[in-house]
Number of protein chains: 2
Amino acid sequence: MDNEQTAQVAGGTGTARPGTRRPGGRTARTRAAVRDAVVAGLTEHGYSGLTVEYVAEHSGVHKTTLYRRWGGVDGLVADTLDLAGEDGWAPPDTGSLDGDLRALALEVVHSFADPAAAAPSSAVIAAAFQSEPAAQALRAYYAERFARCEVIVDRAVARGELPGPRSAVDGGALVRAVAAPLFFRLFITREGLDEPDADHAVAVALAAAHAGTFTKET
Amino acid sequence: MDNEQTAQVAGGTGTARPGTRRPGGRTARTRAAVRDAVVAGLTEHGYSGLTVEYVAEHSGVHKTTLYRRWGGVDGLVADTLDLAGEDGWAPPDTGSLDGDLRALALEVVHSFADPAAAAPSSAVIAAAFQSEPAAQALRAYYAERFARCEVIVDRAVARGELPGPRSAVDGGALVRAVAAPLFFRLFITREGLDEPDADHAVAVALAAAHAGTFTKET
DNA sequence: AGGCAAATGCAACTCCACTTGCGTTAGGTG
DNA sequence: CACCTAACGCAAGTGGAGTTGCATTTGCCT
């Protein structure tokens, strides 16, 4: 299989790829079974240990079908992230901006501290290095995630914790500023991550926010 | 080859692995040729496209030797990063803290904007997902890099731009805070990176620094 | 219901990453 | 200078990921 540009994830542009024209019963069952098997394989062997054959055996779907519909391991993982993005997740609501951001940061810390929970997320980050579909899935996932988080800032403005809608704080930028140092330590410098790191990330972002660094004039 | 724990990068603990007991002429030449070939392969095909056989052909070193001494692609890439860490790089010295950090951030932006220059760096980040040796190499590389950067803060303190040695700013933390959002956009959210991003990262970090967020009491 | 095409199942094959056993070269040492 | 052994070269073999052509099943539509 040719790396770089694997493509063929179901749900794309629309030039008759398998799995898109017939969203009926079997196809849907196949997708569900496959994605369960992918998550299982990821938590069991990690991304580098995940093989198409494993997914085939644990899902009851034939190997050929997996290659045809998903193009390979990259596509399987990317599609699994799309599923994860469709959950009912909502940002924490603690009653204060500081509390919300702290809770958010701690959520990141704890989710990656648990190997089972961390496996799918880090798998897609790894897959994005190899395949464009995975990179797109990753981009879309976090864009949607951060969009949901902007409520945090809206509420803070309503409470008077941040300046009003005229010179508003860019919610997406603020949340990104909280998350960035955490992922940086996890996957770039590989320094490890604990709760004080979460607190520090929040403190830095909040200090910058109150200094007006995230302000977008309107 | 078994993933997870490939090991066998030259220069380790000392239980008689090939390439360590005889640092003579041929061995040294082999290492140099191999690392050149790895960089070439990385810039040409990227990490996912790099194969041991390619390195064998382009270095004149036999395939078997590569597997024996480096254990596989992961080890080759990790060893190459060790080489890169031994260069004469020094942080910018522009005469102001803001200028230094800006120059530093722009260096990151530009180095990853050029695909050829970006290939080796991002390759190791990707490799760290699969192999512990690569992760260690990555950790060591950035630790050493950030240690070199602490001069920036020392100079700023000497100039009076930051509070003195009593309640000093943690230089490593400040530099990390500048770098984190850049790598975050590059490899996690995959949003792309441009010069305004560099400026913004510096502004956030500086605002937090002046608010005392990086202060470590002594 | 019945027929058409999409989607999946199946088995055999290809190709390449990786291994293994042994012979050869060359660096260090007395 | 000669020996000894670490490090390297070589060629054949192995296993598994990924492919291919065809048979079979199952949605959807009239």
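Each chain gets a letter, A, B and so on, in the order the sequences are listed, and its residues count up from 1.
Distance B/L66 CG to C/dC16 C1': 16 Å, rounded to the nearest Å. Here C/dG9 presents its C1' atom at 15 Å from CZ of A/R29, a figure rounded to the nearest Å. Remark: C1' of C/dT19 and CH2 of B/W70 are 18 Å apart, rounded to the nearest angstrom. Between the P atom of D/dA7 and the CZ atom of B/R31 lies a distance of 12 Å, rounded to the nearest Å. For the pair A/L50 CG and D/dA17 P, the computed distance is 11 Å after rounding to whole Å. The nearest whole Å value for the distance from the CG atom in A/D74 to the P atom in D/dA17 is 14 Å.
Remark: the B/E191 side chain and the A/Y142 side chain contain no N/O donor-acceptor pair separated by less than 3.5 Å. Side chain to side chain, A/E144 and A/W89 fail the donor-acceptor criterion of an N or O pair below 3.5 Å. When only modelled atom types and interatomic distance are considered, B/Y54 and B/E44 share a side-chain donor-acceptor pair under 3.5 Å.
Side-chain contact between A/F112 and A/F187 is present, with at least one heavy-atom pair separated by less than 4.5 Å.
A donor-acceptor contact shorter than 3.5 Å links the side chain of A/S122 to the backbone of A/A118. A donor-acceptor pair under 3.5 Å links the side-chain atoms of A/T94 to the main chain of A/D100, judged by distance alone.
Between its two ends, the helix from C/dA1-D/dT30 to C/dG30-D/dC1 turns its axis by 40°, counting five pairs per end and rounding to 10 degrees.
Ion pair B/E132/B/R139 flagged as a salt bridge, since at least one NZ, NE, NH1 or NH2 atom sits closer than 4.0 Å to an Asp/Glu carboxylate oxygen. Look at B/K63 and B/E53 and you find a salt bridge, because one of the NZ, NE, NH1 or NH2 atoms lies within 4.0 Å of a carboxylate O, short of that distance. By the 4.0 Å N-to-carboxylate-O rule, B/R148 lies close enough to B/D87 to be salt-bridged with it. Using a 4.0 Å cut-off between charged side-chain N and carboxylate O, B/R31 and B/D79 make a salt bridge.
Contact check of residues 53-62 of chain B against DNA chain D (heavy atom, cut-off under 4.0 Å) returns B/G60, B/V61, B/H62.
In the interface, the side chain of A/R68 is not paired with the base of D/dG18 through any donor and acceptor atom under 3.5 Å apart. Side-chain N/O atoms of A/T64 and base N/O atoms of C/dC10 include a donor-acceptor pair closer than 3.5 Å.
Between A/T65 and C/dG9, a side-chain N or O to OP1/OP2 separation shorter than 4.0 Å is present. A sub-4.0 Å separation between OP1 or OP2 of C/dA7 and a side-chain N or O of A/R69 is absent.
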Please write out each protein N/O paired with an N/O of nucleotides 13-15 of chain C under 3.5 Å, distance rounded to 0.1 Å.
none

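Residue B/V169 comes nearest to B/K216 through the heavy atom pair O-CE, 4.2 Å, listed as atom of the first residue, atom of the second, then distance.
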